[in-house]
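First up is the structure itself, then whatever we jot down about it.
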Amino acid sequence: MGIFQRISDIFKSNVNDLIDRAEDPEKMVKQIIIDMQKELTKSTQALGKAVASERMAEKQYRDAERKSADWEAKAKAALASGNTDLAKRALQQKVKADQETANYKQMYETISEQTDAIREQVETLKAKLDEAKSRQSMLIARSQMADTQKSLAQSVGGIDTNSSFEKFNRMEEKVARKEAEAEAFTEIASSNGASSSDMETFEQLQADQKVDTELQRLMAEMGMSTPAAETLSLEEQIAAAEAAAAADAAEAAAAADAAEAAGAVATAE
């Protein structure tokens, strides 16, 4: 193989590769439909001209037949009247008309055959165009589906799954950290709320103590006696409140221990 032949083959292969890559199936299908429609239009126009020529040839053929019959009738009339020369002249015209009839008949038959062939081609092209149109939407849908699958495959293939899951895990840790911080702040807020409540209780006790002190002073000035419970100092009232709370806590703990012991016995049985 010569060097020029090899260069030519390489050039053709590159050109064909560019054409293949440039061909968009969706656009190409649409363009094929357009081209077939144009060809059908041209073929239909050609068929129209052929039909017109066929009709003209048929008219000329029929006129020549009538002219031949007319000259024959005239020749018969001349013979009937005894005028042989006139009959011969009429027959001469009939011979010419017969020749024209034969020529027009041959032309008419030829044009008719060509017209039938063109008509058949037009019908075939119509059928192919209808088939192409019916397959157009399916081919375009298949092409789009293939493009979608290819795009998805490329996207999935280009994802680093390990890196993506590591990022996902980090995001999950951040969310868990935020949840832990939220719980901690909630507990702190609840604790602060309890302390505030205790402070309000102590402030109320102090206020009550001041009221009791004033009451005792007035009652002493008026020579009235005060109940023993009402003469307790603030410290004594606080101690009494704490002792009562401790007793309640001890009673609750004892009840819990008893319930736990009863549950253990029931489990053992």
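All values reported here derive from a predicted model rather than from experimental measurement. Residue numbers start at 1 and run along the sequence shown.
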Report yes if the side chains of K38 and T41 come closer than 4.5 Å at any heavy-atom pair, otherwise no. no
Closest heavy-atom contact between A132 and I33? CB-CD1, 3.3 Å
Residues R135 and E131 bridged, charged N to O under 4.0 Å: yes
Closest non-hydrogen contact found for A78 with A87 is CB-N, 3.4 Å
Contacts of type salt bridge (Lys or Arg N to Asp or Glu O under 4.0 Å), residue D130, not counting sequence neighbours: none
Quick one: which residue pairs count as a side chain to side chain donor-acceptor pair (under 3.5 Å) with a foot in residues 52-66, not counting sequence neighbours? E54-S112, K59-D63, Y61-E65, R62-E65, D63-R66
d(Y108 OH, T115 OG1) to nearest 0.5 Å is 9.0 Å
If every non-hydrogen atom of I111 is compared with every non-hydrogen atom of A50, which pair is closest and at what distance? CG2-O, 4.0 Å
Can you tell me which residue pairs pass the side chain to side chain donor-acceptor pair (under 3.5 Å) test with a partner in residues 84-95, sequence neighbours excluded? K94-D98
At what distance, to the nearest 0.5 angstrom, does OG1 of T110 lie from NZ of K105? 12.0 Å
Treating Ile, Leu, Val, Met, Phe, Trp and Tyr as nodes and any side-chain heavy-atom pair under 4.5 angstrom as an edge, say whether M36 and V122 lie in one connected cluster. yes
Regarding K67 and D70, does a basic nitrogen lie under 4.0 Å from an acidic carboxylate oxygen? no
Interatomic distance, CG@L47 vs CG@L125, rounded to 0.5 Å, equals 11.5 Å
Any chance you could measure L40, atom CG, to Q45, atom CD, to the nearest 0.5 Å? 10.0 Å
For the backbone of A64 and the side chain of T101, can you confirm whether one donor and one acceptor N or O come within less than 3.5 Å of each other? yes
Measure the CG-CD1 distance between L129 and I32 for me, rounded to the nearest 0.5 Å. 11.5 Å
Around atom CE of M145, are there more than 12 heavy atoms of other residues, nucleotides or ligands at under 6.0 Å? no
Do K133 and Q37 come within less than 4.5 Å of each other through their side chains, counting heavy atoms only? yes
Once you round to the nearest 0.5 Å, how far does CE of M28 lie from CG of D35? 8.5 Å
